[in-house]
S.K.: 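Got a structure here, written out as structure tokens. Questions coming.
Lettering follows sequence order; numbering is per chain, from 1.
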2 protein chains.
Amino acid sequence: MTTLGYALLGLLAREPLSGYDLARQLKHPVGFFWPARHSQIYPELAALEAAGLVTHEVVEQPDRPDKKVYAITEQGQTVVREWVTSPMDVPSVRDELVLRTYCLWLAEPDKLRALFQEHAARHAAQLAEYEGYEHECREHAPEALHDTWSPLFAKYATLRRGISYEREYLEWCNWVLSCITAQDTDG
Amino acid sequence: MTTLGYALLGLLAREPLSGYDLARQLKHPVGFFWPARHSQIYPELAALEAAGLVTHEVVEQPDRPDKKVYAITEQGQTVVREWVTSPMDVPSVRDELVLRTYCLWLAEPDKLRALFQEHAARHAAQLAEYEGYEHECREHAPEALHDTWSPLFAKYATLRRGISYEREYLEWCNWVLSCITAQDTDG
DNA sequence: TCTCACATGTAACTAGTTACATGATTGC
DNA sequence: GCAATCATGTAACTAGTTACATGTGAGA
């Protein structure tokens, strides 16, 4: 089993979805922490079905092309439930901006400032998007936030992580900017 | 050029190193944001040399096996300097713990608590390590922190990022723990 | 003698990306 | 007629991981 396989099972444990819908969810909002393209999703679904973890039925749509709607099986539910709390190896984080920061002393000051300004803007935008989702969550289902074992709380918890991650990243970008701007005339 | 190639050039822009030394640095401290194994590093060095970005000389050591010490060329310096501020596509972040969090409603409460306790401990340990490096940095070369275009400031800047990242992650783990512990009897 | 750190490589595999490929239906 | 969204697939490539492979020298 690949991690993507578990990701798909996790989504299908909430509701039956087509490959297309799964691809959409793996862009927003799940895609913020586990993105995947359709070219990876379709073969993975076939593998999950071969393993007996999901089934599909073809749903005919009058106004749109037919689709295959996948549903999780009993066995699939067992597998995903076990996975959630199974031992995890230390994840490897790769961040190209931090790598570039390690080499920042080589760069031209003006271009460097532009780079960090761009990233600050990106993270500010992402933060705003997460905060929008969080607001929706609070408005739409405030009771879910108190039921820790509801799917909605799980979504809320990932949003909290996204928000604090982006806020922290943004603050760091601004700190770097303040450092490299203070020494404007040195470069 | 791969990102690893630039990472190696960035390290060699600071000082000449052997493949073995590069591998060590790509575990600690650079490895915290761009890990790589020796099996990837040695072929990459050969590619960089073929492209004229680095050269090597064999250094004989009386007490240890001979080694190839790589040095960056003029051309290599130009390439790495350009790269630092070149346009960057939006990086894709994959975090399996956040993915699992999205599925946390499926899990057994006790096991889930254990999972988050383990991760909280990991991030606390990583935070302590970064803070140790930062302390060293401050003690050893306090003047570097005021010279934004020194290699030491660049290192310090990545450390600041590591520290705030780990602190934020740790806080989030503890927040999740407080949520799932408050509802102890529900599961 | 055995283990550890130093030192350098190759081979096989896996996950993920990019590109290729097809086709329905709606709205401009 | 053309572009956009919905819908599903395959092929080729790239980066990264795991495993295989070899050898030196120091110290216990």
S.K.: Is any side-chain N or O of A/Arg94 closer than 4.0 Å to OP1 or OP2 of D/dT17?
M.R.: yes

S.K.: Go through D/dT8, D/dT18, D/dA7 for me and flag the one nearest to the B/Arg37 side chain.
M.R.: D/dT18

S.K.: Decide, yes or no, whether a salt bridge links A/Glu131 with A/Arg138 under the criterion of side-chain N to carboxylate O below 4.0 Å.
M.R.: no

S.K.: Within 45 degrees of the ring normal and closer than 6.0 Å to the centroid, is that where the cationic atom of A/Arg160 sits relative to A/Tyr165?
M.R.: no

S.K.: Look at the side-chain N and O atoms of A/Lys68 and state whether any lies under 4.0 Å from the OP1 or OP2 oxygen of D/dG9.
M.R.: yes

S.K.: Using a heavy-atom cut-off of under 4.0 Å over every strand shown, decide if B/Ser39 touches base, sugar-phosphate, or nothing.
M.R.: base

S.K.: Can any side-chain N or O of A/Arg100 pair as donor or acceptor with the backbone N or O of A/Leu112 at less than 3.5 Å?
M.R.: no

S.K.: Which nucleotide wins on minimum distance to the side chain of B/Pro43, given the candidates C/dC6, C/dG16, C/dT10?
M.R.: C/dT10

S.K.: Under 6.0 Å from the ring centre and within 45 degrees of the ring axis: does the NZ or CZ of A/Arg161 meet both conditions for the six-membered ring of A/Phe32?
M.R.: no

S.K.: Side chain of B/Leu4, heavy atoms from C-beta onward: which of D/dG16, D/dG25, C/dA7 has the nearest atom to it?
M.R.: D/dG16

S.K.: Is there a side-chain contact between B/Gln61 and the phosphate of C/dA7, meaning an N or O under 4.0 Å from OP1 or OP2?
M.R.: yes

S.K.: I want to check one thing: is the phosphate of C/dC6, taken as OP1 and OP2, less than 4.0 Å away from some side-chain N or O of B/Tyr20?
M.R.: yes

